Every structure is written in C-alpha cells, then in structure tokens.
Amino acid sequence: MKTFAKLILIAAFIIALSACNNKENKEETFTISAQVTGFPDGTTFYLRNMATDAVFDSATVKNNTFAFEGNLASPPEHIWLNTTVDKKFIYTNLLIGNENIIVKADIADFPWDVDVKGSKTHEDFAYAQSLTKENNKKRDSLVQVFMGLPQEKQQETGAEIWKKIRKIDSITDASQVDYVKSHPNTYISVMQLGFLKNKLPKDTVQKIFNSYTPEIKESKYAKVVEVYLRENIAEIGDTFHDFEGVNQKGETVKFSNIRGEYTLLDFTAAYCGPCIQAADELVEISKKHSDSLKIVSFTQDPKKEVWLKSLERDKVTWNSVYDGKGRYSETTIKYGVQGIPTFVLINPEGTIIDKWTGYREGSILKRLEKQNGPQKGL
C-alpha cells in the first residue's frame, strides 16, 4: 500500500513538473482585437515593426473587426498599425509587449485619437504623444499642404511652410525634453532621448541617462543613447569607424580591409522604399566607376534571409555587410544614422568628406561629383 502511495506521489510530481515546463516553454504571445468603423470589409491592415522596418503580419476587416496574434521576440516593440483606403495611407503607432490589446477607432481617429487598451507601455507612449498631439496635427496638415503644391511653387511657397514647421518642431522638442527629464521609468522617455540627444548638451544627456531604471537602461532603445555617450559619433571631418560583419558570401569581413581609396558607405534595409529606388543608381556607379570608388553597404535587416533576397532583387555585386542587429547595431549608432538610406563618403586618408540621408533620382552621382577626389574618375 505504501509503495502504491509512493507511485501516486511520484506520478503527481512528474505531472506537475511537466506542466511547469510546458508553461515555461510556451511562447508568450500578443493579441490585437480591433473594433473599427469607416473601413470597408476587405480592408487589409498591416503590422510593421519600426525596429526592423518589416511588415510581419496582416489582417482583414470583416464586420468592423479584425484581429492579430503573434509573438514579439524583443518586447516592447514600436509598431505601426496601418492600411490604405482610397489611396490614403492610414496609420497609428503602438508600443506594446506580448499582451492582449484592444483597439477601438473610427477611420477619422487615425493616427492621433485611436483608443488602445491593455498595455502599460502603450499608456505611457500615448500620454507622451498627447503632450504634443495638437502640434503634430498642425505639422501633418502643413506637410500635406506642401505635398499638394505644384512643383514650381514648392520652392517659393514651400519655404514659408517649412519655416512654420520648424517653429512647431522647436516647440515639440522642448515639450519632449520636459517629458524625458521627468519620466525616468518609461520606454518612450529613452526612445525620445535617442532622437533628442544631438539637440542637448552631452552632459545633460548623461545626467538624464543616469536617472533611468536598470530595466530601461538594458533595453535596445537605451543602446542608442549609451553608444552615443560612449563613442564619438562620426561626422564630416572625422576618421571612419571600423566594423566587422558577414558579407553575402558568408565571409567575415572588416570594413578597413574591404574599403577602397574612395569608399561610399551605404546604410540600407530590404524594406526601405528610397533604398530600393537608390539601388539602380548604385549599380550604375559600381559598374562605371569601380576603379575610383568602392561601394560598401551595411544592412539594418535583422533577418539574414530577408537581407540576402534583397541583394538578388537589387543586383548588389559589391560587399554588403550584415551583423543581424538591425537599426540598433552599434555600427549604425556610431555613424549617427537616423534614417535610411544614409550615405557616408570616405577619402583615401580615411576621413569622412560627405554624409547625407535620403534619395532622389541622380542625387548620389551629384553628391559624388561635388567632391574633388572621386570626380577624377566620375
């Protein structure tokens, strides 16, 4: 009888242990349950991870509802929830973890008045946004006016519009600085500090960073500030930062060993629209001027297969370097990359002689032709 009782206890222990292990091994998930009005049935919503710039899920509106379920590997994540209706891009921002999220909104509520419940990190995010919401609305309105101008009027009338936008941005920056200083325990605080860091004295940034909780300091968002405080962020006139990664052949490469006399360092990503547009011009430059200029791309893609497929699409024959850390790579931060594509032109002495962000047709060649060195072969 005692033996039977022991067997019962052992079996119960094994079942309990198994249940515990299953609970530990079970992947945490997020859900987004949305109730929306103003969207036709069949409208497709997308989730875009802002850290990777990748669309990772989609859902379709049916009877004013849609839903997502999945896993966020590195929560909290900054996500765009977006769609297009009548050729108009509609979006809102989320900052969530693996939580159960409820979204309620009319089409007119996007992007600033969408009701989101179920996430403390998003509550913090929404509160920070509410402080500058009216300014954001005014800015969006002015940008739309500018975009609607005929091209011949954009330079003259547009200058006045952008003057107003810069004034709004100045007020917004001041409000965000106040929020950052007074909220050392929120993710949105360190995210905003990452964008504001170049507008504040470095000792002020250090003081704010020191006030953050250990949890916030260990986040990927804090990495941007931590590297900025530790390193010299590369600007025109500085010596280049060296870095390592894997190229498309699977070789471990060091930038200092693969750069040329003149080198164009291209920060890019597979899902970046302007980066894709720039690819044809980079291919042309590489074919015609490889004797005087080397191109080296550094990808912000965190997934190797996505990066490799984009190289086939864009016909990349030069070294493309991958480290799997996305936009939070130390290399990206050290070069002060805030948007992509960003281009860094380096001379034979290893000095950065030009640096710019964005792309328009023919713009890369024009920038290169302005420089004394590369134009010998251009």
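What you see is a predicted model; the values in this text were computed from it and never measured. Quick note: numbers below take in every heavy atom, side chains included, and nothing from hydrogens, waters or symmetry partners.
- Atom CG in N247 sits 14.0 Å away from atom CH2 in W318 (nearest 0.5 Å).
- Take E226 and apply the salt bridge (charged side-chain N to carboxylate O under 4.0 Å, His left out) test, not counting sequence neighbours, and it matches R230.
- Interatomic distance, NZ of K315 versus OG of S286, reported as 13.5 Å (0.5 Å rounding).
- Looking only at atom types and distance, the side chain of E99 has a donor-acceptor partner in the side chain of S119 under 3.5 Å away.
- A side-chain donor-acceptor contact under 3.5 Å links Q206 and N210.
- Judged purely by distance below 3.5 Å, without hydrogens or angles, the side chains of T132 and N136 pair a donor atom with an acceptor atom.
- Taking CZ of F68 as the start and OH of Y46 as the end, the distance is 9.5 Å to the nearest 0.5 Å.
- For K202 against E231, the heavy-atom pair with the smallest separation is NZ-O, 3.5 Å.
- Taking the six-membered ring for Trp and thresholds of 30 and 60 degrees, Y179 and H183 have nearly parallel ring planes, at less than 30 degrees apart.
- For NZ of K207, the number of neighbouring non-hydrogen atoms (other residues, nucleotides, ligands) closer than 6.0 Å is 12 at most.
- Residues F240 and T263 are not in side-chain contact: their nearest non-hydrogen atoms beyond the backbone lie 4.5 Å or more apart.
- Ring geometry, Y212 versus F209: the interplanar angle exceeds 60°, so the pair is classed perpendicular (tilted spans 30 to 60°).
- Atom NZ of K303 has 12 or fewer heavy atoms from other residues, nucleotides or ligands within 6.0 Å.
- Within 6.0 Å of CD on E251 lie more than 12 heavy atoms contributed by other residues, nucleotides or ligands.
- The shortest non-hydrogen separation linking A159 to R166 is O-NH2, 4.4 Å.
- We find the NZ-NZ distance between K164 and K138 to be 11.5 Å, quoted to the nearest 0.5 Å.
- Contact record, R259 with N347: NH1-O, 3.4 Å, taken as the closest heavy-atom pair.
- Partner L193 forms a side chain to side chain contact (heavy atoms under 4.5 Å, CB included) with one of V224, L200, I188 and no other, that one being L200.
- Within the cation-pi definition used here (under 6.0 Å to the ring centroid, within 45° of the axis), K197 qualifies as a partner of Y228.
- Exactly one residue among F243, W307, F298 makes a ring pair (Phe, Tyr, Trp, His ring centres under 6.0 Å) with Y322. That residue is W307.
- Only one option out of I96, L95, D57, I32 pairs with I79 in a side chain to side chain contact (heavy atoms under 4.5 Å, CB included); it is I96.
- Taken to the nearest 0.5 Å, the OG atom of S33 stands 14.0 Å off from the NZ atom of K117.
- S211 and I208 make their closest contact through OG-O, 2.5 Å (heavy atoms, listed as atom of the first residue, atom of the second, distance).
- Taking both residues in full, the closest heavy atoms of D301 and T299 are given as OD2-OG1, 2.6 Å, listed atom of the first, atom of the second, then distance.
- Ring planes of F146 and W162: perpendicular class, angle over 60° (limits at 30 and 60°).
- No close placement of the H78 and Y187 rings is indicated, their centers lying 6.0 Å or farther apart.
- In terms of hydrophobic clustering, with Ile, Leu, Val, Met, Phe, Trp and Tyr side chains grouped at heavy-atom distances under 4.5 Å, I107 and L94 are assigned to a common cluster.
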